[in-house]
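Residue numbering restarts at 1 for every chain, and letters A, B, ... go by the order of the sequence lines. Side chains included, hydrogens not; waters and symmetry mates left out as well; all remaining heavy atoms used.
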There are 2 protein chains.
Amino acid sequence: MDGSGRNVEASSTVNVEREQRILDAATKLIVHYGYDKTTVSDIAREAGVSKGAVYLHWPSKDDLFTALLLREIQLFAVEWMEMIEQDPDGGTLQGMYLHSLTVMLKRPMLKALMTQDRRILGDFMRRQGRGVLQRRNIMSAEFIRLMQEAGVVRADLDADLAAYLLACLRLGMIYIEEMLDDDQIPSLERAVPALADFIERSLAPEGGGNSEAGKRIIRAMLTALQERWAQGQIV
Amino acid sequence: MDGSGRNVEASSTVNVEREQRILDAATKLIVHYGYDKTTVSDIAREAGVSKGAVYLHWPSKDDLFTALLLREIQLFAVEWMEMIEQDPDGGTLQGMYLHSLTVMLKRPMLKALMTQDRRILGDFMRRQGRGVLQRRNIMSAEFIRLMQEAGVVRADLDADLAAYLLACLRLGMIYIEEMLDDDQIPSLERAVPALADFIERSLAPEGGGNSEAGKRIIRAMLTALQERWAQGQIV
DNA sequence: ATATGACCAGAATTGCATATCCGGTCAAAT
DNA sequence: ATTTGACCGGATATGCAATTCTGGTCATAT
């Protein structure tokens, strides 16, 4: 539970590989059965290692899960950035928002994190209420204000309300998945262009928003985040 | 369970009044404790009548609850219509949408119905899955198409996607209430004008949409609905 | 003609003893 | 130097009888 990694032999390649394999196994099982009902033995078996081996990497099940969530967030950041960089309009508000949705909706654990899904997060949520699980809103009001200064979002908007709107929309898109049958929900491929149009019309400045400026801010933001992560900071 | 009201003496004023009092009591208790944990005796006591009296109005607890939900929906329709009529822009898409949200967000039972809240709907949901609880989306794709023909919604939009967007936003606004602390959520008074602007810019035609035409459609729709209700049809 | 609440039977809950499970450890095996 | 899995104790699940609760009824009171 003390932030410092206590894994003595994490240097060799085989161990890094094994660590990832264990996290993969844990993610798969926890998404399916939930944290409480997934046992450390289950995870070890799924990863093809012994239970003891798991405890060579993390001092407790909770620490394993924390690491798993952190990795999930880091992977999100990487994939998000990649999509943004590859898309000329990736730095516009509609671009960055929809790319983040695309990445998130494909990752069940991120969805669970976003909705604070008790089925999946289980008792971990009650215990670690503050910590990894604290409200994470990548597109906060603060973020919107930065984007306004950079000419990515209309300057006359109330940043709090724009952030609120985007947060509601994102949350609704997750919840509607489990409320309606699949055939009643438009595919992401179909929905994304329409949503982009909606967001652009309502939140972007005349002319569509400065994509390059947007990319620059996100690059800086993620670099700073990765810095913090490299220093072992979990926040 | 057969749609016909079996309440033999529902004609006299005192009984109509008592019926409403019982429904009020039931709504209050069920919103607070959930359907399963609210007993018929509780409801009777809260309404100041005997248990037997409750069964003079409805043949079973489930029927009482069905009546309660139907009344909730009818009240929604009335209040929604009133707000629309009083607002010159009430017939625009942003007007009708936000008025519906305003009415809904103030009524806990409607929110529960909208989110299929198991805490409140309890076992009734599993038993009556089809029935009153079937997906009700007042602003369906069908509805949006009508509004397009009437010049309330931009004609070049994909109606399915516009309806999807509005449904997600509405759902997100309900869920975000229980996810964030109250002080992090903008008040409706503050949010409504901004949301109206968002919706107008993205979904309304140039010039803001034909409010009168919109009102006419909703009037017709609700009149037809009330007709059906008067005939005892629950759908 | 209405309204009541004691009453009924089945369902749900409680209490509790027993059995199982699971996070975490560490002596032994590799 | 690594890795394993048998083992430990507290937590959780299970089985089951006794008890309480609750939806629904109806003889009686008003």
Side-chain angles (χ1 to χ4, degrees), chain A residues 1-2 5-23 25-26 29-30 33-68 118 121-128, chain B residues 1-2 5-23 25-26 29-30 33-68 118 121-128:
Chain A
M1 183 82 65
D2 59 358
R6 183 71 75 246
N7 37 348
V8 193
E9 26 48 15
S11 43
S12 88
T13 313
V14 55
N15 280 332
V16 169
E17 196 275 333
R18 188 175 66 180
E19 189 165 301
Q20 296 302 310
R21 218 170 59 240
I22 295 173
L23 291 179
L29 293 176
I30 292 173
Y33 299 106
Y35 182 71
D36 294 342
K37 287 184 183 165
T38 301
T39 73
V40 176
S41 300
D42 289 340
I43 295 170
R45 194 177 328 112
E46 177 78 22
V49 300
S50 73
K51 184 155 69 136
V54 172
Y55 283 93
L56 293 175
H57 290 276
W58 303 276
S60 75
K61 189 189 178 189
D62 271 15
D63 284 279
L64 187 165
F65 194 43
T66 304
L68 181 165
R118 308 169 94 90
L121 269 31
D123 255 355
F124 184 85
M125 220 180 88
R126 264 173 288 279
R127 281 199 305 280
Q128 312 269 340
Chain B
M1 181 85 65
D2 60 358
R6 183 70 75 244
N7 36 349
V8 193
E9 27 47 16
S11 42
S12 88
T13 313
V14 55
N15 281 331
V16 168
E17 196 274 333
R18 187 174 67 180
E19 190 165 301
Q20 297 301 311
R21 217 169 61 240
I22 295 173
L23 291 180
L29 293 176
I30 292 173
Y33 300 106
Y35 182 70
D36 294 342
K37 288 184 182 164
T38 302
T39 73
V40 176
S41 299
D42 289 341
I43 295 170
R45 193 177 327 113
E46 177 77 23
V49 300
S50 73
K51 185 153 69 132
V54 173
Y55 283 92
L56 293 175
H57 289 276
W58 303 276
S60 74
K61 188 189 179 190
D62 272 15
D63 284 280
L64 187 165
F65 194 44
T66 305
L68 181 164
R118 309 169 94 88
L121 269 30
D123 256 354
F124 184 84
M125 220 179 87
R126 264 172 289 280
R127 281 197 305 279
Q128 312 268 342

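- Whole-Å rounding puts the A:Ile30 CD1 to C:dC22 P distance at 14 Å.
- Side chain of B:Tyr33 to main chain of B:Thr39: no donor-acceptor pair is present (N/O by atom type, distance under 3.5 Å, no hydrogens or angles).
- Looking only at distances, a side-chain donor or acceptor of A:Lys61 sits under 3.5 Å from a matching main-chain atom of A:Thr38.
- Counting only heavy atoms from C-beta on, B:Ser50 has its side chain closest to C:dA3 among C:dA3, D:dG5, C:dA6.
- Considering only side-chain atoms of B:Tyr55, the nucleotide from C:dT4, C:dG24, D:dT25 that sits closest is D:dT25.
- Nucleotides of DNA chain C nearest to B:Gly48 and A:Ser41 differ in position, and the one nearer the 5' end is that of B:Gly48.
- A:Glu19 has its CD atom 12 Å from the P atom of D:dT3, to the nearest Å.
- Along DNA chain C, the nucleotide nearest A:Tyr35 and the nucleotide nearest A:Gly52 are compared for position; the residue whose nucleotide lies closer to the 5' end is A:Tyr35.
- One interatomic measurement links the two molecules: CH2 of B:Trp58 to C1' of D:dG24, which rounds to 15 Å at whole-angstrom precision.
- In this structure, of C:dT4, D:dT4, C:dC7, it is C:dT4 that holds the atom nearest to the side chain of B:Leu56.
- One interatomic measurement links the two molecules: CD1 of A:Ile43 to C1' of C:dG23, which rounds to 11 Å at whole-angstrom precision.
- Nearest heavy-atom pair across A:Tyr35 and A:Leu121 is CB-O, 3.6 Å.
- Taking atom CZ of A:Arg45 as the reference point, atom C1' of C:dC21 lies 13 Å away to the nearest angstrom.
- Put simply, the side chain of A:Lys61 and the base of C:dG24 share no donor and acceptor less than 3.5 Å apart.
- Rounded to whole angstrom, the span from the CG atom of B:Asp42 across to the C1' atom of D:dT22 amounts to 10 Å.
- The two residues B:Asn15 and B:His57 come nearest to each other via the heavy atoms O-CE1, 3.5 Å.
- Residue A:Asn15 has no polar side-chain atom (N or O) positioned under 4.0 Å from OP1 or OP2 of D:dT2.
- Going from atom CZ of A:Phe124 over to atom P of C:dC22 covers 19 Å, rounded to whole Å.
- Counting all heavy atoms, side chain and backbone alike, B:Asp123 lies closest to B:Asp36 at N-OD1, 3.0 Å.
- Closest approach to the B:Arg18 side chain among C:dT4, C:dC22, C:dG24 is made by C:dT4 (side chain taken as heavy atoms from C-beta onward).
- What separates NZ of B:Lys51 from C1' of D:dT25 is a distance of 9 Å, to the nearest Å.
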